[in-house]
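Written out below as structure tokens is the structure these notes cover.
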Amino acid sequence: MKRGKLKKMMALIAGFAMVCTVITGCSSGGGASDDAGNKEDSQSSADSEEKETYTIGFTNRLASDVFLKTLEDKFVAACEADGRFEVVLADANNDSQKQVEQVDNFLVMDVDALVLCPNDQESLVPQIEQANKSGIPVFTFSTQASGGDQVYVGVSNYDCGYCQGEWLRENLPENAKIIYLAGNMGYQISIDRENGLKDGLGDRLAENGGDVEIIAQQEYMYTREEGMTIMEDYIQAYDDFDCVVTVNDQGACGAIEALKAANRLDGVMVCGIDAIDDALNYISSGEMSMTVRQDPDAQAEALYQAICDTFDGKEVEPVIETPVQTITSDNVAEFVK
């Protein structure tokens, strides 16, 4: 029997024994001392119930990713403030097999819940299904696993990409040329953001008969270093481009650093997703055009609330989405810390 369930049963047994004592005391005409004892027993039972704790196994896809780390920290802080939840952290560091082993370890530990940021959609499905059989609730964020029962908390990654495309459709010059730093196509998040971007560009996209062309596209693993390296190569390969679009802000910041070092940033729009602090500062300085904010605070709070509701026996929706927002020079001052 799981730790949380065992504690709850013991609390119920203690509560039932307390009720029997109260009834017996009343029927035998017990005095004030009996009443005081009953009150102490009642308080003790209540304190026991309040102190019930649950262990949460939490594995992040990449803890060095600023957005994901911010969400992790906010979630852990909420759990610590609550007092009922102990969070055991693990970092997959973009390694699917490593993450599988981490979740296997959590299952051996017999944790009370799993919180997963899957490195890909497929790898953790057997572990999620095993958790389902064991009665362990599973929560995913950023990326939804392709199988098993889970509560997904996050944004619509399609909407993130669509915000980029929609803004570009309205702001790109005629016959614009785009370089696109796409995320790893093994991630559904990458596929959704690319589809959103192209749909947002709509009839301005060359493949739809429009004037805007994506002249180069390359996958990367969402890191600033890779964004910088890829952009350095593209600076050498292309003399003329108008815009760099990246699947996240880390890549955008890396691209900006490469463009600045080559004195190629002037006249080039750079667009990202996540609204990390560095991206907001680049927008404030005019070195970046836009980003899409997927609020990590709101996602962490929604994740924490979903876990609370689950352990309180409340119904929880299988998909919980938080809104996204386009940030440009027009509104960036609202978000710069």
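Being a predicted model, the structure only gives us computed values, none of them experimental.
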According to a 4.5 Å side-chain heavy-atom criterion applied to Ile, Leu, Val, Met, Phe, Trp and Tyr, with indirect links allowed, do [X] and [Y] form part of one hydrophobic cluster?
X      : Y      : result
Val125 : Val138 : no
Tyr282 : Trp167 : yes
Ile276 : Met228 : no
Val319 : Ile128 : no
Val292 : Phe67  : no

Atom pair [atom1] ([X]) and [atom2] ([Y]), whose distance is rounded to the nearest 0.5 Å:
X      : Y      : atom1 : atom2 : result
Asp112 : Ile136 : CG    : CD1   : 8.0 Å
Cys160 : Arg193 : SG    : CZ    : 5.0 Å
Ser96  : Asp120 : OG    : CG    : 3.5 Å
Cys253 : Met288 : SG    : CE    : 6.0 Å
Asp297 : Lys74  : CG    : NZ    : 4.5 Å
Glu72  : Arg61  : CD    : CZ    : 12.5 Å

Can you name the closest pair of heavy atoms from [X] and [Y] and give their distance?
X      : Y      : answer
Gln250 : Val66  : NE2-CG2, 3.4 Å
Val244 : Ala255 : CG1-CB, 4.2 Å
Val245 : Tyr180 : O-CD1, 3.1 Å
Asp91  : Leu62  : OD1-CA, 3.6 Å
Ser284 : Val336 : OG-CG2, 3.4 Å
Gly183 : Glu219 : O-CG, 3.6 Å

Does the side chain to side chain contact (heavy atoms under 4.5 Å, CB included) test come out yes or no for Thr291 and Val332, once each step is laid out?
CA-CA 10 Å; Thr291 187; Val332 69; over 6 Å; no
For [X], check salt bridge (charged side-chain N to carboxylate O under 4.0 Å, His left out) against everything at least two apart and list the hits.
X      : result
Asp278 : Arg224
Asp95  : none
Asp295 : Arg293
Arg204 : Asp211

Measure the shortest side-chain to side-chain distance between [X] and [Y] over non-hydrogen atoms and say whether it is less than 4.5 angstrom.
X      : Y      : result
Leu68  : Phe141 : yes
Leu197 : Leu168 : yes
Ile179 : Leu181 : yes
Leu259 : Glu287 : no
Gln218 : Tyr234 : yes

Which atom pairs, donor and acceptor, lie under 3.5 Å between side-chain atoms of residues 142-155 and protein residues at least two apart or in another chain?
unit_1: Ser146; atom_1: OG; unit_2: Gln121; atom_2: O; d: 3.2
unit_1: Ser146; atom_1: OG; unit_2: Glu122; atom_2: OE1; d: 2.9
unit_1: Ser146; atom_1: OG; unit_2: Glu122; atom_2: OE2; d: 3.1
unit_1: Gln150; atom_1: OE1; unit_2: Thr140; atom_2: OG1; d: 2.9
unit_1: Gln150; atom_1: OE1; unit_2: Ala145; atom_2: N; d: 3.1
unit_1: Gln150; atom_1: NE2; unit_2: Ala145; atom_2: O; d: 3.1
unit_1: Gln150; atom_1: NE2; unit_2: Gly147; atom_2: O; d: 3.3
unit_1: Gln150; atom_1: NE2; unit_2: Gly148; atom_2: O; d: 3.3
unit_1: Tyr152; atom_1: OH; unit_2: Ser142; atom_2: O; d: 3.3
unit_1: Tyr152; atom_1: OH; unit_2: Val155; atom_2: O; d: 3.4

Name all residues meeting the side chain to side chain donor-acceptor pair (under 3.5 Å) criterion together with [X]; count only those two or more places apart in sequence or in a different chain, and write none if there are none.
X      : value
Ser190 : Tyr222
Asn208 : none
Thr70  : none
Gln188 : Asp192

Look at the side chain of [X] and the backbone N and O of [Y], then say whether any donor-acceptor pair between them is shorter than 3.5 Å.
X      : Y      : value
Asp203 : Gly210 : no
Glu226 : Met221 : yes
Gln164 : Gly272 : yes

So side chain to side chain donor-acceptor pair (under 3.5 Å) across residues 168-179, not counting sequence neighbours, yields none
Any side chain to side chain donor-acceptor pair (under 3.5 Å) pairs touching residues 328-337, not counting sequence neighbours?
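Pairs touching residues 328-337 that pass the test: none.
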Would you mind checking if Glu101 and Lys98 are paired as a salt bridge, meaning a charged N to carboxylate O distance below 4.0 Å?
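Answer for the salt bridge query: no.
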Residues Glu194, Lys198: salt bridge by 4.0 Å N-O rule:
yes
After noting the C-alpha distance and the side-chain angles of Asp242 and Met269, does the key distance pass the side chain to side chain contact (heavy atoms under 4.5 Å, CB included) rule?
CA-CA 6 Å; Asp242 304 282; Met269 296 177 175; over 6 Å; no
Validation row, ring centre Phe75 to ring centre Phe85 under 6.0 Å
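For Phe75 and Phe85, the ring centres are not under 6.0 Å apart.
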Given the rule in the side chain to side chain contact (heavy atoms under 4.5 Å, CB included) test, do Ile56 and Phe139 qualify, once you have shown the distances and angles that lead to the verdict?
CA-CA 10 Å; Ile56 299 172; Phe139 304 83; over 6 Å; no
Testing Asn94, Asn119, Thr59 one by one against Gln99 for a side-chain hydrogen bond (donor to acceptor under 3.5 Å, both in side chains), which residue passes?
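When Asn94, Asn119, Thr59 are each tested with Gln99, the side-chain hydrogen bond (donor to acceptor under 3.5 Å, both in side chains) holds only for Thr59.
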Just do the side chain to side chain contact (heavy atoms under 4.5 Å, CB included) check on Asn248 and Tyr220 with the steps written out, would you?
CA-CA 10 Å; Asn248 75 334; Tyr220 73 109; 2.4 Å; yes
Please indicate whether Glu317 has more than 12 foreign heavy atoms, meaning atoms of other residues, nucleotides or ligands, lying under 6.0 Å from its CD.
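For Glu317, atom CD is not crowded (no more than 12 foreign heavy atoms under 6.0 Å).
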For residues 298-307, run the donor-acceptor check on the side chains, cut-off 3.5 Å, and write out each pair with its distance to 0.1 Å, sequence neighbours left out.
unit_1: Gln299; atom_1: NE2; unit_2: Gln294; atom_2: OE1; d: 3.0
unit_1: Tyr304; atom_1: OH; unit_2: Asp82; atom_2: OD2; d: 2.6
unit_1: Gln305; atom_1: NE2; unit_2: Asp309; atom_2: OD1; d: 2.9

